[in-house]
Amino acid sequence: MNHNDLELPMGKRTLLYRLFEILPAFLSYGMLILFIILSLINPLWASIYLLVLVMSVIVRSVGIAYRTLTGHHQLEKAQIVNWRQRLEQLEDPDPVASYAAIQQQPLPRRHQREFHAQEHRENLRLMAADPASFPRPSQLYQAVIVAAYNESYDVLQPTIESVKNTTYNNKQIILVLAYEERGGVDIARTAARLQQEYGDVFFTFQTIMHPKDMPDEVIGKGGNITYAGKQLQRYCDEQGIAYSDVMITTLDSDNRPYPSYFDYVAYEYIVHPERKRLSYQPIALYFGNIWDAPAPMRVIATGNSFWTIISSMRPHTLRNFASHSQPMDALVEMNFWSTRSIVEDGHQYWRSYFYFAGDYNVLPIHVPIYQDAVMDNTFWGTVVAQFKQLRRWSYGASDVPYVAVRTFTRRRNVPFAEVFARFMRLLDGHVTLAVMAFLVTFGGWVPLLINQESSRSYAVHMLPEVISNLQRFAMIGIFITVFLMLKMLPPRPERYKRRRSFAMVAQWILMPVTSICFSAIGAFNAQTHLAFGRYLDKFDVTVKATTGSRDRAKAAKQAQKAAKKQRKKE
């Protein structure tokens, strides 16, 4: 498939494309309207309708609870593996002898359950049998593209430092700081400062400015990292580096990869024969500033973190999200990422899926990349930024028409049953995100409030209590999340007293509020924009405040107030 066939449309859409753009909002609003109509016509039907939907949520919550526990277990096991050592074992110039030595030294009993130990032994056996079929770790470069807009040195420096401190050989890391011209002179100065500080640390440290107002682009991260990717392609050509020897990882400005992340990715890339048709998805944990963020944002950040853990346990439905890695040869063929979408991460899954005619998968990497919860310099600024972030994520509904026209038309290059199942999961995910929080929270009372006759029905009268009992049952998942969250939290900073730890538990009372006011309304907002053709074509950059920037902003505000009082006195 030509990479031009992968692009999202810009400008006028076809009638069929527009119909599928309307579909998510049509179904989301339609489910709520249908419930209200049923409540007016026959409250018993409305009750049955609601119970069926709520029971589906309960069934899913049981699966979610199980995957949360197993995903956390996998995360813990993968983090203690010495991936550097495993990678070095793949490098042995005499793999036959290396494997023979391992065979003679069986794993001690305490290591019998080591993460994928048997698979590692099998990988060594395969390399011993056919060493020419596997690339060597010493020839594999990790290209890290850090996307920035106008973030401060305080935000970017820890990200660069975290890449430096991974267990991967720094002289096999190509670091690219990709920043925006529209970010202004401050980001250019920050980029130059970082290049001066870290220029000799990596194989190369490059700063690449993405020009503003590039043709055929929306204002977003996709255009920035694609521009940087093409510059990286030229650099590899000049250096004689084969594209198949480069893994590209995209990081946001506040991302900190786990120390063994690049070793883990390199290992999986080497041992999988279908390596070109894979991308590698770590677990995003939004715990970087979790102690500092406001309570509603902590709830959302924790929920998002566990969503990525749960997703890692369902490889057949796993999608690209936020930071991930992909082989450079595949990216070059696909013309890197979409420059027409503000959700280029999730959309990259569908680009890759259709480019490889369905022969493409996302491989879970069970170690984290730490990110920050949303935090601005003020509380209300944080609230607005959080809503815009979740609305942007929900704008992944723009993939519905993209997938639909490749499912129901002659453009299909994947077996119908396979792509239809994926299309339905995609559509269901976006509709469920918008609708279920409203129905579960308020649905039990709607028939009683809008239909006076419903009070005569015992079944309808008992509906709120039944829904309440089902909600309490579903709380099991929240208890599991809280328990695991307390285990995974970074140490409490000394600037906070012990009552902050209590607040970390008490904050979950806000979950209904965050589910409706941020997630559900954000999803409805995104789907409504899409349905009316008012496309979100500008990436709302999430402000990356730090405790230092908040203190400076607070001090500046106090200084302004003091100056104002002084002028009044004069």
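In this text, all values refer to a predicted model and were calculated from it rather than measured experimentally.
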Exercise for review: Any chance you could measure R84, atom CZ, to N169, atom CG, to the nearest 0.5 Å?
Suggested key: 6.5 Å

Review point. Does R13 count as lying over the ring of Y535, i.e. NZ or CZ under 6.0 Å from the six-ring centre, within 45 degrees of the axis?
Key: yes

Review point. Once you round to the nearest 0.5 Å, how far does CG of N289 lie from CE of M297?
Key: 11.5 Å

Review point. Taking the side chain from R411 and the backbone from D5, do they hold a donor-acceptor pair closer than 3.5 Å?
Key: yes

Practice item. Under the side-chain contact (heavy atoms from CB on, under 4.5 Å) rule, what do M436 and L53 come out as? Steps first, then yes or no, please. Key: CA-CA 8 Å; M436 286 305 180; L53 293 176; 3.9 Å; yes

Practice item. Answer yes or no: are there more than 12 heavy-atom neighbours, outside M511 itself, under 6.0 Å from its atom CE? Key: no

Exercise for review: Please name all residues satisfying side chain to side chain donor-acceptor pair (under 3.5 Å) with Y243, sequence neighbours left out, ordered by chain then number.
Suggested key: Q233, D237

Exercise for review: Determine yes or no for a side-chain-to-main-chain donor-acceptor pair under 3.5 angstrom, with D540 supplying the side chain and K388 the backbone.
Suggested key: no

Exercise for review: Of all the heavy-atom pairs spanning G303 and W508, show the shortest one and how long it is.
Suggested key: N-CH2, 4.4 Å

Practice item. For the pair Y267 and H120, name the ring-plane relationship: parallel under 30°, tilted 30 to 60°, perpendicular over 60°. Key: tilted

Point to revise | 4.5 Å side-chain heavy-atom contact, F262 and V163 | key: yes

Point to revise | Separation between CD1 of I310 and OG1 of T317, rounded to the nearest 0.5 Å | key: 11.0 Å

**Study point:** Exam field: side chain T167 to backbone P259, donor-acceptor pair closer than 3.5 Å
**Key:** yes

Exercise for review: Using a 4.5 Å cut-off on heavy atoms from C-beta on, say whether the side chain of N170 contacts that of K164.
Suggested key: yes

Review point. So, for V414 and A357, which heavy atoms are closest and what is the spacing to 0.1 Å?
Key: CG2-C, 3.6 Å

Practice item. Could you tell me whether the side chain of R136 and the main chain of E91 form a donor-acceptor pair under 3.5 Å? Key: no

Study note, to complete from the structure: Those residues at least two apart in sequence (or on a different chain) that pass side-chain contact (heavy atoms from CB on, under 4.5 Å) with F203 are Y141, I174, Y235, I241

**Study point:** Residues, nucleotides or ligands: over 12 heavy atoms within 6.0 Å of F483 CZ
**Key:** no

Exercise for review: Give a yes or no on whether the backbone of A284 and the side-chain of T308 come within a donor-acceptor separation of less than 3.5 Å.
Suggested key: yes

Check your understanding: Between the side chain of S61 and the main-chain N/O of I58, is any donor-acceptor distance below 3.5 Å?
Key -> yes

Revision key, fill the gap. Nearest heavy-atom approach of I480 to L69 is CG2-CD2, 3.7 Å

Practice item. Determine yes or no for a side-chain-to-main-chain donor-acceptor pair under 3.5 angstrom, with Q527 supplying the side chain and L27 the backbone. Key: no

Revision key, fill the gap. Heavy-atom nearest pair, A397 first then L530, reads O-CD2, 3.5 Å

Review point. Counting only N and O atoms by type, is there a donor-acceptor contact under 3.5 Å from the side chain of T159 to the main-chain atoms of N255?
Key: yes

**Study point:** Within-4.5 Å side-chain heavy-atom neighbours: L90 and P137
**Key:** yes

Review point. Between R67 (side chain) and A65 (backbone), is there a donor-acceptor pair under 3.5 Å?
Key: no

Exercise for review: Would you check if Y286 and I290 make a side-chain contact, meaning some heavy-atom pair closer than 4.5 Å?
Suggested key: no

Review point. Taking C-beta and beyond as the side chain, do C236 and M328 meet within less than 4.5 Å on heavy atoms?
Key: yes

Review point. For the atom pair OG (S398) and CD1 (I342), what is the distance rounded to the nearest 0.5 Å?
Key: 7.0 Å

Check your understanding: With a 4.5 Å heavy-atom cut-off, do Y269 and S244 have their side chains touching?
Key -> yes

**Study point:** Separation of K538 NZ from L536 CG (nearest 0.5 Å)
**Key:** 12.0 Å

Review point. Are Q79 and E76 close enough that a side-chain donor and a side-chain acceptor fall under 3.5 Å?
Key: no

Practice item. Could I get the full list of side-chain contact (heavy atoms from CB on, under 4.5 Å) partners for L8, not counting sequence neighbours? Key: Y17, S338, R340, S341, H347, Y402

Point to revise | side chain to side chain donor-acceptor pair (under 3.5 Å) involving D428 - partner list, sequence neighbours excluded | key: R60, T432

Practice item. With sequence neighbours excluded, tell me which residues meet ring-ring contact (aromatic ring centres under 6.0 Å, His included) with F134. Key: none

Practice item. Enumerate the residue pairs fulfilling salt bridge (charged side-chain N to carboxylate O under 4.0 Å, His left out) with a member in residues 266-289, sequence neighbours excluded, ordered by first and then second residue. Key: K276-E333, R277-D359

Check your understanding: Would a line drawn from the ring center of Y149 to the ring center of F539 be shorter than 6.0 Å?
Key -> no

Point to revise | Test log, rule side-chain contact (heavy atoms from CB on, under 4.5 Å), inputs Y198 and Q157 | key: CA-CA 10 Å; Y198 291 93; Q157 189 273 339; 2.8 Å; yes

Review point. Run the side-chain contact (heavy atoms from CB on, under 4.5 Å) check on L426 and V400 step by step: do they pass?
Key: CA-CA 7 Å; L426 172 67; V400 169; 4.1 Å; yes

Practice item. Mind checking ring-ring contact (aromatic ring centres under 6.0 Å, His included) for W393 and listing every partner two or more places apart, or none if nothing turns up? Key: F321

Practice item. Kindly say whether S312 contributes a backbone atom to a donor-acceptor pair with the side chain of R314 at under 3.5 angstrom? Key: no

Check your understanding: For Q85, which residues count as a side-chain contact (heavy atoms from CB on, under 4.5 Å) partner, sequence neighbours excluded?
Key -> N82, Q89

Check your understanding: Are the aromatic ring centres of Y264 and Y258 under 6.0 angstrom apart?
Key -> no

Review point. What closest approach, in Å, do S519 and S394 show between heavy atoms, and which atom pair accounts for it?
Key: O-OG, 4.4 Å

Point to revise | Heavy-atom closest contact (L285 atom, L75 atom, distance) | key: CD1-CD2, 4.4 Å

Exercise for review: Determine the sole option in F354, Y355, Y349, Y353 for which the ring pair (Phe, Tyr, Trp, His ring centres under 6.0 Å) test with Y360 is passed.
Suggested key: Y349

Exercise for review: Only counting residues at least two apart or in another chain, list the ones meeting ring-ring contact (aromatic ring centres under 6.0 Å, His included) with H366.
Suggested key: F115

Point to revise | Approximate separation, where rounding is to 0.5 Å, of I300 CD1 and S305 OG | key: 11.5 Å

Exercise for review: Test F287 against Q371 for side-chain contact (heavy atoms from CB on, under 4.5 Å), laying out the working first.
Suggested key: CA-CA 6 Å; F287 291 163; Q371 304 185 41; over 6 Å; no

Check your understanding: Can you name the side chain to side chain donor-acceptor pair (under 3.5 Å) partners of Q74, sequence neighbours left out?
Key -> none

**Study point:** Validation row: I365, Y261 side chains within 4.5 angstrom (heavy atoms)
**Key:** yes

Review point. Side chains of S162 and T166: closer than 4.5 Å at any heavy-atom pair?
Key: no

Practice item. Under the side-chain contact (heavy atoms from CB on, under 4.5 Å) rule, collect the residues that match up with L156, sequence neighbours excluded. Key: V146, A148, E151, L177, I187, T190, L194, S253

Can you give each donor-acceptor pair under 3.5 Å made by side-chain atoms of residues 245-252, sequence neighbours left out, with the distance rounded to 0.1 Å?
unit_1: D245; atom_1: OD1; unit_2: Q139; atom_2: NE2; d: 3.2
unit_1: T249; atom_1: OG1; unit_2: S325; atom_2: OG; d: 2.5
unit_1: D252; atom_1: OD1; unit_2: K221; atom_2: NZ; d: 2.7

